[in-house]
Structure formats: structure tokens, C-alpha cells
Asks: 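Here's a structure for you.
By convention in this document, chain letters (A, B, ...) are assigned in the order of the sequence lines, proteins followed by strands, and residues within each chain are numbered from 1.
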Amino acid sequence: MAEATEVASGLLAWFVLHARDLPWRHSRDAYGIWVSEVMLQQTQVQTVIPYWHRWMRQLPTIGDLANAPEEQLLKLWEGLGYYSRARNLQKAARVVTDTHGGNVPSTIADLLELPGVGPYTAGAIASLAYNQPEPLVDGNVARVLTRLRMIEGDPREPETKATLWSIATQLIKATGKLHSVPSTPLARGRFSILNQALMELGATVCTSRAPSCDQCPIRKSCQAFASGAVERFPALAPRVKATRLRYAVVVLRRSGKWFLRQRGAGDVNHGLWEFPQLELRLRPANPVRQVAEWLDITPKSLHPLPRVRHAITRYQITLEVFQASVDKTPVALGDGQWLTTREIEALALTSAHRKIALNAIEPVNIQTD
DNA sequence: CATTCGTGGCG
DNA sequence: TCGCCAAGAAT
């Protein structure tokens, strides 16, 4: 295990010199670290930073989170995606309040009981916040370790996953045996430093595309580097090709207000607000007639706004947007509310519908090619 | 165990 | 324009 020791000490030394100064690395309480970890699930650091600041300013303690109204949570999460993360965070805050005396637990078993906390996040909280000798494997660590040891399998498969957690555990054990460790204001304790170093290396040096092996502190131990095969790892299976969908979105105005609906329980993104939308067939190309019939208004009253594209995992969605002024609520729209601009600003919309709102309220000049 | 859940950036 | 992917978890 001399090699694991060398890797661990190399990572620690590198981290204290090259760590990014991320805001949650100054958090001294586990709550701030926990919030950052949940926000960072499948989400990049640069995206998370402003959200984390706003969240911690408005909900500085677990008690604040446990008592916050759902619309505040969703507004704070607006645009981050995976909105169930916000609701799970609050459920977990209530569990912490009710059964852990308001203190974020420090053991893996207790952490795994919390909604929204899985193997990775449990390891992250235990090691980063409490410096417990617990391993973690996220996408970054999987990339670093598959390259380090030339692990051929897909990191998403259970067998490969087990191998990676085992290697991460070896590194934690080696870290525990180091005689001396460097210190940094950005992490407290050797296990916290090691795990953050693994992730930091994956995020900034051992990147998916165009890795900077010349700047890697552990390249002498890296089997893939020695074989000139770094970019062959990790061997991820190709994703399912996205299915294309088209929707018409209607921005209806009536005496200075806009019509929006709230997604209901059981829906994807429930609790979020949106302009009414209608699924379109891919043909015909021009959906004006279909939309006009849906709303029972004349086609000429529909005015196009810039189309908006977005994706929900395996769906690639194009939104064809139309604006119209009406004097009554079209029957087909069902429940919804007529709202002012100011009211809409205070609601949580998906990113696509927030863009539509901005386009409708402050129309951009469309440059024709 | 396979699928689902968002979004923005980048080559 | 398009595919890929980023500090994963729940069902």
C-alpha cells in the first residue's frame, strides 16, 4: 500500500496549494456544507455559488429551513433543476430537528436516513464537515480513480461502483496513517482535505475532456497516463438518444395581467408556475391553427415570440411561443391565475418559462440572419 | 435494476 | 447544431 500512501500525500499537498476558494469551504457548520452538497448534485460549482449565497442568507439555520414556506424554497431553487432536491432538503431538516436535536448527524447510517442524502452525500457530510474517515465517490472521483488504476468497467455499473468505493476506502486508510499532513483554511482535517482534493483534481485537472496531465500531482502513479490511455477512461456507456417534443406556449394578456398555471401534485416540477402549454405534433411546421382552435380565438390574434428550447433528461423540447390579448379566460385552460408582472417575478418558474416571461415582458429585438 | 429528474456550458 | 456531462438520489 505504499502507492496509496504516495497518492494520498500527493493529493493533500496539491490541494493546500491549488484549491479553489469556494464559499462553502469557509462554512464552519455542517448545515452550510450539507446545502452545498445537495445543490452540487449533478450541478457545476459555478452555477451553484450564487444560489448557495442566497439560500444561506435567507435560511441561515436548519430551523429556518424546517419552517420555510414551500414557495420560498422553490423560488430559491428556481433555475437549478431537480426541484425535489429542495423539498427533500426541507424534509431532512425536519428530521434533524425532530430526532437529532437540530444537529446534522455525523455517522453514515444516520445521514443515509435523511431524504435526499445518498451514499455520496453521506460520505461528503461525514468527511468534509466532521473529518470522519469515510470515503466518497462522485463523478469526479470516479474519473480520477478509473484513470489511476485503469478500471475498465462503466462506473455506473454496480460492480465497478463497488471497486471504486473500495479504492476510495484504501486512500482514506492510507490518509489515516500519514505522519504529517499540511493545513489549509479551506478544509478542516486530513480526511476532509483528501476527499475534496480527489474531487478538486477531477474538476480542474483530471477533466473529462482535455485533461491537464502535466499539472497532475499523482501522474507518476497513474496507470492510464503511463499507457497513454487517459482519455479512454472512464468507459461510460452512451446515453439514450433524446426524444424530441414540441409544445406551444401561450402568453395571454388581459388588462395588464398574464395567465399562469401552477403544476399540480404528481406532475414533474409540481409547485412551479408556467404559461399554459399544449403538446404539438411534429408536423405541421406551423402550429398556429392548432393553438387558435385550442384557445377558441382567431389565428390572426396570435403573435410569435422567440422560441425557447430546453431539455428534461431524455426529452429535447422546443417551445413555440405565442402572445395574444384576450378579454376572457379561454375555457380550455382550466385552473390558473391572472397575475401582474410583479407577482410573476415572485413566483418560481422553470428556466424555460422564466425566459418566456422575460421575452414577453421585455421583448428582445430579434435580429434576422 | 432501469428509469426519471433540469440546466448550462463547452468542444 | 449537437452530444456530452456536472460534488446523485429516489423509485
Asks: In whole Å, what is the span from the CD atom of A:Glu37 to the P atom of C:dA9?
Replies: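 Taking atom P of C:dA9 as the reference, CD of A:Glu37 is at 9 Å.
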Asks: Whether A:Thr43 contacts B:dG6 is assessed here as follows: a side-chain N or O lying under 4.0 Å from the phosphate OP1 or OP2. Is that the case?
Replies: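 No, because none of the side-chain N or O atoms of A:Thr43 sits under 4.0 Å from OP1 or OP2 of B:dG6.
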Asks: Please determine whether a side-chain nitrogen or oxygen atom of A:Asn269 lies at a distance below 4.0 Å from atom OP1 or OP2 of B:dG6.
Replies: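 Yes.
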Asks: Expressed in angstrom and rounded to an integer, what is the separation of A:Gln42 atom CD from B:dG6 atom P?
Replies: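 So the CD-P distance, A:Gln42 to B:dG6, works out to 12 Å.
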Asks: Rounded to whole Å, please give me the gap between CD in A:Glu157 and P in B:dC1.
Replies: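 Distance, rounded to whole Å: 10 Å.
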Asks: Please list, chain by chain and in numerical order, all residues satisfying side-chain hydrogen bond (donor to acceptor under 3.5 Å, both in side chains) with A:Gln44, sequence neighbours excluded.
Replies: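 side-chain hydrogen bond (donor to acceptor under 3.5 Å, both in side chains) check on A:Gln44 returns nothing, list empty.
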Asks: Can you check whether A:Arg143 has a side-chain N or O nearer than 4.0 Å to OP1 or OP2 of C:dA6?
Replies: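 For C:dA6, OP1/OP2 do have a side-chain N/O of A:Arg143 under 4.0 Å.
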Asks: Expressed in angstrom and rounded to an integer, what is the separation of A:Ile108 atom CD1 from C:dG8 atom C1'?
Replies: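 The distance from CD1 of A:Ile108 to C1' of C:dG8 comes to 15 Å, rounded to the nearest Å.
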Asks: Base, sugar-phosphate, or nothing: which does A:Pro119 touch, judged by heavy atoms less than 4.0 Å apart?
Replies: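 Sugar-phosphate contact only - A:Pro119 comes under 4.0 Å of backbone atoms but never of a base.
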Asks: Contact class for A:Arg25 vs. all strands (heavy atom < 4.0 Å): base, sugar-phosphate, or nothing?
Replies: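 The residue A:Arg25 makes base contact.
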Asks: Starting the side chain at C-beta, find the nucleotide from C:dA9, B:dC5, C:dC4 nearest to A:Ile312.
Replies: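 Ranking C:dA9, B:dC5, C:dC4 by closest atom to the A:Ile312 side chain puts B:dC5 first.
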Asks: Identify which nucleotide among B:dG6, B:dT7, C:dA9 has an atom closest to any side-chain atom of A:Tyr120, counting heavy atoms from C-beta outward.
Replies: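 Taking heavy atoms from C-beta onward, the closest nucleotide is C:dA9.
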Asks: I'd like to know if A:Arg246 pairs up with A:Glu320 as an ion pair, taking the criterion as any Lys NZ or Arg NE/NH1/NH2 lying under 4.0 Å from an Asp or Glu carboxylate oxygen.
Replies: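 Result for this pair is yes, salt bridge flagged.
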Asks: Does A:Lys355 have a side-chain nitrogen or oxygen under 4.0 Å from the phosphate oxygens OP1 or OP2 of B:dG8?
Replies: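 True: A:Lys355 side-chain N/O within range (under 4.0 Å) of B:dG8 OP1/OP2.
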Asks: Within the 4.0 Å heavy-atom criterion, would you say A:Val117 contacts the bases, only the backbone, or no part of the nucleic acid?
Replies: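 The residue A:Val117 makes sugar-phosphate contact but no base contact.
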Asks: I want to verify a distance call: between C:dG3, C:dC5, B:dC5, whose nearest atom is closest to the A:Ser208 side chain?
Replies: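 So the nucleotide nearest the side chain must be C:dC5.
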Asks: On the six-membered ring of A:Tyr51, is A:Arg54 placed so that its NZ or CZ lies under 6.0 angstrom from the centre and within 45° of the ring axis?
Replies: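 Judged by the rule (NZ or CZ under 6.0 Å from the ring centre, within 45° of its axis), A:Arg54 counts as positioned above A:Tyr51.
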Asks: Would you tell me if any nitrogen or oxygen in the side chain of A:Arg244 comes within less than 4.0 Å of OP1 or OP2 on C:dC2?
Replies: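 Checking A:Arg244 against C:dC2: at least one side-chain N or O falls below 4.0 Å of OP1 or OP2.
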Asks: Quick check on A:Asp296: does its CG atom have over 12 non-hydrogen neighbours (other residues, nucleotides or ligands) under 6.0 Å away?
Replies: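 Counting neighbours around CG of A:Asp296, 12 or fewer heavy atoms of other residues, nucleotides or ligands fall under 6.0 Å, so no.
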Asks: Counting only side-chain N and O atoms of A:His310, is one of them less than 4.0 Å from OP1 or OP2 of B:dT7?
Replies: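 True: A:His310 side-chain N/O within range (under 4.0 Å) of B:dT7 OP1/OP2.
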Asks: Roughly how many Å is it from CD in A:Glu231 to P in B:dG11, rounded to a whole number?
Replies: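 These atoms are roughly 13 Å apart.
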Asks: List for me each residue that meets ring pair (Phe, Tyr, Trp, His ring centres under 6.0 Å) alongside A:Trp14, sequence neighbours excluded, and say none if there are none.
Replies: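 Only A:His18 meet the ring pair (Phe, Tyr, Trp, His ring centres under 6.0 Å) criterion with A:Trp14.
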Asks: How many Å lie between CZ on A:Arg85 and P on B:dG6, as a whole number?
Replies: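 For the pair A:Arg85 CZ and B:dG6 P, the rounded distance is 9 Å.
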Asks: So does A:Lys75 pair up with A:Glu71, basic N to acidic O under 4.0 Å?
Replies: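 Judged by the 4.0 Å cut-off on N to carboxylate O distance, A:Lys75 and A:Glu71 do not form a salt bridge.
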Asks: Counting only side-chain N and O atoms of A:Gln44, is one of them less than 4.0 Å from OP1 or OP2 of B:dG8?
Replies: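 No, because none of the side-chain N or O atoms of A:Gln44 sits under 4.0 Å from OP1 or OP2 of B:dG8.
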Asks: Look at the side chain of A:Ser351 and the base of B:dG8, then say whether one donor and one acceptor between them are separated by less than 3.5 Å.
Replies: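 No pair found.
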Asks: Can you tell which of B:dT4, C:dA9, B:dG6 lies closest to the side chain of A:Arg314?
Replies: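 Among B:dT4, C:dA9, B:dG6, the one nearest the side chain of A:Arg314 is B:dT4.
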Asks: Students often get this wrong, so: under 4.0 angstrom with heavy atoms, is A:Leu22 touching a base, only sugar-phosphate, or nothing?
Replies: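 Contact class for A:Leu22: base.
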Asks: Does any N or O donor sit under 3.5 Å from an N or O acceptor when you compare the side chain of A:Tyr82 with the base of B:dG6?
Replies: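 In this structure, the two groups form a donor-acceptor pair.
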Asks: Heavy atoms only, 4.0 Å cut-off, all strands: where does A:Ser36 land among base, sugar-phosphate and nothing?
Replies: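 A:Ser36: no heavy atom of the nucleic acid under 4.0 Å.
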Asks: Say you pick atom P in B:dG6 and the same atom in C:dT11; how far apart are they, in whole Å?
Replies: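 About 14 Å, rounded to a whole number of Å.
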Asks: Round to a whole Å and report the spacing from CD of A:Gln316 to C1' of B:dT4.
Replies: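 Rounding to the nearest Å, CD of A:Gln316 and C1' of B:dT4 are 17 Å apart.
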Asks: Just the rounded figure in Å: distance from C1' of B:dG6 to NE2 of A:His270.
Replies: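 Atom NE2 in A:His270 sits about 15 Å away from atom C1' in B:dG6.
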